[in-house]
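Note sheet for the following structure.
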Number of protein chains: 2
Amino acid sequence: MTENYLQLEAIFKKITSIHSASSILNWDKAVIMPSGGAETRTEQMATLGLIAHELLTNPKNSDLLKAAEHEASQLSDWNLANLKEMRRIYDHATIIPEQLVEAVTKANSKCEMVWRSARAENDFKKLEPYLTENLNLTRKIAEIKSERFNCSKYDALLDEYDPGLTTAKIDKIFGKLEQFLPNFINQVIEHQASKPAPLAINGNFPVDMQKELGLEIMKLLGFDFNHGRLDVSNHPFCGGTYGDIRITTRYSEQDFLPSLTAIIHEAGHALYESNRPQQYIYQPVSRARGMGIHESQSLLMERQVGCSIEFLELIQPIIASKLKVSGPEYTAENFYKIINQVKRSLIRVEADEVTYPAHVILRYNLEKDMIEGKLEIKDLPEAWRSSMQALIGITPEDDKDGCMQDIHWPMGAFGYFPTYSFGAIHAAQIFAAAKRAIPNMAVEIKQGNIHPLNNWLKENIHKYGSKYSTSDLLTKATGSDTDVDCFINYLQNKFLS
Amino acid sequence: MTENYLQLEAIFKKITSIHSASSILNWDKAVIMPSGGAETRTEQMATLGLIAHELLTNPKNSDLLKAAEHEASQLSDWNLANLKEMRRIYDHATIIPEQLVEAVTKANSKCEMVWRSARAENDFKKLEPYLTENLNLTRKIAEIKSERFNCSKYDALLDEYDPGLTTAKIDKIFGKLEQFLPNFINQVIEHQASKPAPLAINGNFPVDMQKELGLEIMKLLGFDFNHGRLDVSNHPFCGGTYGDIRITTRYSEQDFLPSLTAIIHEAGHALYESNRPQQYIYQPVSRARGMGIHESQSLLMERQVGCSIEFLELIQPIIASKLKVSGPEYTAENFYKIINQVKRSLIRVEADEVTYPAHVILRYNLEKDMIEGKLEIKDLPEAWRSSMQALIGITPEDDKDGCMQDIHWPMGAFGYFPTYSFGAIHAAQIFAAAKRAIPNMAVEIKQGNIHPLNNWLKENIHKYGSKYSTSDLLTKATGSDTDVDCFINYLQNKFLS
């Protein structure tokens with residue numbers, strides 16, 4: 001290690017602690033805070049954000065980075081990987097002029113606010129000027145970054161959410177899925193229609209009992225309550241900070257499956273967060289390796305594990321005892337049918353495992369065109385409708401359930417959507433590799449022994465943080481880079497057999 | 001306003017927001033955080049503390065303060081009061097060399113840790129070297145500050161907790177009480193012994209029911225749940241931040257009165273915090289006017305209001321209904337007897353209204369001697385025992401219930417104790433003034449109409465924040481500076497009639 005490098009470590013440790021404080025404040029805002037606390041909280045978080053930004057963009061950091069980069073030969077592989085992440089974070093933070101950062105922050109915040117009412121009122125015209133402003137500013141940012149990073153504009157945006165992911169890679173993978181899905185969706189729907197429909201669950205499940213059930217399942221999955229919590233918020237998320245990881249869900253008294261599924265999903269994120277490399281926990285290299293890997297860990301738990309018949313057989317008696325239920329609708333087989341049912345639906349967040357990638361591909365094609373100047377906001381509703389028909393075979397009657405359904409564009413997040421489906425593809429691929437390493441995985445899961453899987457994930461994915469690129473991490477763990485064929489095989493085996 | 005002054009306001013706004021974020025993190029630590037989160041939390045809070053300290057002690061602030069002080073004629077009275085507070089805070093933060101600050105922080109932290117086990121083991125010898133180190137370092141700080149502020153060493157320490165409070169003032173007031181109390185305590189105990197003893201409460205009160213009761217009483221006192229919460233912690237406190245004030249209590253299933261009393265006490269603090277001047281909420285001038293006023297607001301609610309027969313008559317039916325209790329031990333008269341019972345006790349935090357000041361005077365005399373070099377730690381246990389006998393008429397059998405009972409000295413807080421009794425004296429004095437302004441106060445309280453009192457407190461105390469000195473604030477609100485005779489009269493009327 002060198003003096004310059006150590007100085008950078010000290011600066012990033014401070015920045016990490018500030019982010020970690022903000023993360024707890026953000027959790028509190030979603031879970032605990034009385035509504036009247038909003039004004040003070042906004043001020044607190046803006047102040048902490050500004051201080052972290054100032055610490056990061058201090059011009060002397062540029063000198064330190066250059067000096068440390070010249071001393072690369074004196075640094076360990078972990079230090080080098082850390083330095084690379086510091087450079088990436090520094091460049092992203094400094095490359096955009098402060099004035100443009102401020103303009104885009106304001107525009108996003110305003111647009112998100114307008115979106116809430118415009119969506120409720122199904123009034124795209126109301127949203128249009130604000131979304132246009134968001135897009136124009138994002139185009140400017142993409143242009144500046146694409147020049148600096150020497151890549152396409154859309155690739156420059158992707159880099160913030162999933163470093164290393166490129167349009168070339170997405171096009172190849174989504175291209176295959178776009179070929180595969182429309183016909184496959186038809187086949188699966190036909191196949192499922194030929195069998196008896198699942199029995200509906202229409203109960204009255206008190207929140208307290210559901211919470212007890214959720215806690216029990218979290219324990220089973222290896223969640224450590226000495227280092228975390230389960231609470232309630234409007235939208236489930238995994239928050240908190242290393243050593244204190246807080247997941248949330250929301251409950252409906254009519255049905256316990258959505259809440260339980262959310263808990264399993266967020267627990268997957270939490271396991272990743274809790275196994276990040278402890279030695280570098282205040283350093284960028286310990287952060288999760290992009291959203292495409294983070295989402296793979298949540299989807300692995302939710303779908304590969306949680307939607308499997310073995311897991312459902314394991315938890316069926318727990319469900320029956322915690323919720324005091326019995327009968328044919330509460331069998332593992334019926335749960336399996338319910339959560340694996342495939343439908344054409346308008347809404348992404350309600351979509352099943354099979355149609356979900358089609359929702360994502362639709363958004364990817366549209367936002368790439370928007371960033372590249374090939375599609376304008378005014379033409380978005382019509383483009384949405386025709387894509388929807390082509391990909392999923394239905395057309396929304398209004399924009400509320402069409403191009404206004406997601407918060408991402410109103411909040412300025414262009415380039416995020418692909419990571420959802422890369423998460424799903426990686427989940428299938430990583431789970432397949434884990435199954436090769438643990439040959440009796442199905443039996444282990446059925447017996448409630450999740451430890452071998454967790455340990456494999458820790459040793460092959462979690463413990464590396466951001467040390468490797470996504471491609472290298474996947475190749476080391478599974479033998480290949482993103483493998484869409486593995487995902488397609490998985491879907492075929494699961495849904496047509 | 002001047003440019004220099006406005007720059008200072010911007011700096012202090014940042015500092016306030018950081019403190020306010022820390023306050024939420026501190027609340028979370030006491031109420032929510034899983035134990036495994038301690039390490040990350042310590043790092044977060046140390047980082048925020050350091051950043052706030054760096055912002056405050058930046059040498060350019062000295063120039064800004066001097067410049068703004070030269071432009072005093074261009075500043076409003078609020079701005080001037082704010083500037084005065086800025087100066088006081090800046091001086092306290094910068095006058096002690098960084099090395100000494102670091103040494104004392106470490107020594108206090110170590111001593112507090114040793115105290116926890118030494119107290120449990122009743123082993124004063126174990127604590128002695130650490131407490132000696134605390135005292136020696138505090139003496140150094142007191143010496144530096146006394147030279148800078150041109151006052152006695154003990155006064156220099158007082159200034160941090162209760163600006164403007166002096167040894168001269170305390171000696172005069174505690175002198176009178178020290179004359180008055182020993183004989184008065186005898187009289188009250190005899191007087192109460194001549195009447196039937198209160199009936200004991202030995203119930204089984206589920207925490208949920210007690211919480212419902214607490215929330216109801218908080219509403220009655222005017223607590224705004226849109227801007228605050230009630231939770232549970234090991235030691236009751238009032239935390240959170242402006243706009244989001246969070247009080248805590250602790251429950252015993254055997255008795256609901258201690259928990260309820262704590263809630264009323266903390267609600268008094270909360271009402272003060274919620275009425276601080278909103279226009280200056282991010283500025284030092286909006287802060288509470290020292291601990292002697294803060295404690296007066298909690299004690300006013302707890303004792304002047306909460307221990308009055310009118311209030312107990314008001315809440316008796318609420319208690320009966322929320323806890324589903326009835327019988328002679330659950331009458332307002334019996335509650336009154338229980339919470340106003342006077343006993344000679346060894347432990348300050350369990351002491352009643354009459355003996356409490358004696359506990360404080362004992363500590364004041366000892367810590368003043370310690371700071372002035374007249375008493376050494378090794379002689380503390382014996383000094384404690386003889387003072388205890390002289391003031392309260394009992395002697396502890398061991399140091400655990402003697403000089404090791406409080407956390408204050410182990411954590412380095414010398415100069416804090418007097419504010420408890422100044423709070424009690426001010427509470428009686430302020431409540432007497434409020435009663436003169438609201439002649440039918442007893443009837444109002446009995447009818448549950450706390451609003452006139454709250455409004456009077458807001459208009460005469462709360463809304464001024466730190467605009468005036470404690471003396472000026474009291475004189476404006478009550479017609480005189482700290483009035484111990486008013487307190488003595490109150491005790492005589494209440495306990496001997």
Side-chain angles (χ1 to χ4, degrees), chain A residues 10-29 31-52 54-55 208 223-231 239-247 270 273-274 276 278 281-282, chain B residues 10-29 31-52 54-55 208 223-231 239-247 270 273-274 276 278 281-282:
Chain A
I11 294 161
F12 275 90
K13 182 174 182 182
K14 257 191 178 177
I15 293 170
T16 302
S17 280
I18 298 170
H19 287 322
S20 145
S22 291
S23 177
I24 297 291
L25 294 173
N26 194 49
W27 174 90
D28 181 275
K29 187 179 157 196
V31 174
I32 295 279
M33 189 185 81
S35 62
E39 202 182 312
T40 333
R41 182 60 49 88
T42 303
E43 201 60 44
Q44 291 163 5
M45 295 186 67
T47 302
L48 296 192
L50 185 67
I51 289 169
E54 284 169 355
L55 281 169
D208 283 357
F223 188 95
D224 178 358
F225 286 94
N226 191 35
H227 289 282
R229 295 175 51 93
L230 169 67
D231 293 275
T241 181
Y242 184 82
D244 182 5
I245 296 165
R246 303 178 177 189
I247 71 170
E273 284 294 315
S274 65
R276 293 192 289 122
Q278 190 172 5
I281 208 63
Y282 295 105
Chain B
I11 293 162
F12 274 90
K13 182 173 182 182
K14 255 191 179 178
I15 294 170
T16 303
S17 281
I18 298 171
H19 287 322
S20 147
S22 291
S23 178
I24 297 290
L25 293 173
N26 195 50
W27 172 90
D28 182 275
K29 187 179 156 194
V31 173
I32 294 278
M33 190 185 78
S35 63
E39 203 182 311
T40 333
R41 184 59 48 87
T42 303
E43 200 60 44
Q44 290 164 4
M45 295 185 69
T47 302
L48 295 192
L50 185 69
I51 289 170
E54 285 170 353
L55 280 170
D208 282 358
F223 187 95
D224 177 0
F225 286 94
N226 191 35
H227 288 282
R229 296 175 51 93
L230 168 67
D231 294 274
T241 183
Y242 184 82
D244 182 6
I245 297 165
R246 303 177 178 190
I247 71 171
E273 284 295 316
S274 65
R276 292 193 288 121
Q278 191 173 6
I281 209 62
Y282 295 105

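Proteins come first, then strands; the chains are lettered A, B, ... in the order of their sequence lines, and each starts at number 1. In what follows, every heavy atom counts, from backbone to side chain, and hydrogens, waters and symmetry copies are set aside.
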What part of B:E39 gets closer than 4.5 Å to chain A, counting heavy atoms only: side chain, backbone, both or neither? backbone
Supply the atom-to-atom distance B:E273 CD to B:I247 CD1, rounded to the nearest 0.5 angstrom. 12.5 Å
Identify which part of B:Y282 has an atom lying under 4.5 Å from any heavy atom of chain A, answering side chain, backbone, both or neither. side chain
Mind ranking A:I32, A:T16, A:T241, A:L25 by heavy-atom pairs under 4.5 Å with chain B and telling me who comes out on top? A:I32
Rounded distance (nearest 0.5 Å) linking atom CG of A:L230 with atom CZ of A:F223: 7.5 Å
The interface call for B:T40 against chain A, heavy-atom contacts under 4.5 Å, is both
Part of A:S20 lying under 4.5 Å from any heavy atom of chain B: both
Measure across A:I18 and A:A52 and return the closest heavy-atom pair with its distance rounded to 0.1 Å. CG2-CB, 4.1 Å
Residue among A:A38, A:P34, A:S22 with most heavy-atom pairs under 4.5 Å to chain B: A:P34
Pick from B:R41, B:M33, B:R246: which one has the most heavy-atom pairs with chain A under 4.5 Å? B:R246
Could you tell me which non-hydrogen atom of A:G239 sits nearest to which non-hydrogen atom of A:S23, and how far apart they are? C-OG, 4.3 Å
Closest non-hydrogen contact found for B:A21 with A:L48 is CB-CD1, 4.2 Å
Under a 4.5 Å heavy-atom cut-off, does chain A meet the side chain of B:L50, its backbone, both or neither? side chain
When heavy-atom pairs shorter than 4.5 Å are enumerated against chain B, which of A:H227, A:M45, A:E43 gives the highest number? A:E43
Drop me the distance from A:I51's CD1 to A:I15's CD1, to the nearest 0.5 angstrom. 11.5 Å
Against chain B, label A:D28 side chain, backbone, both or neither, depending on which of its atoms sit under 4.5 Å from a heavy atom there. side chain
Of the backbone (N, CA, C, O) and the side chain (C-beta and beyond), which part of B:S35 lies under 4.5 Å from a heavy atom of chain A, both, or neither? both
Chain B contact via A:I245 - side chain, backbone, both or neither, heavy atoms under 4.5 Å: neither
NE2 on A:H19 to OG1 on B:T47, rounded to 0.5 Å: 12.0 Å
Taking atom CD of B:Q278 and atom CD1 of B:I281, what is their separation to the nearest 0.5 Å? 7.0 Å
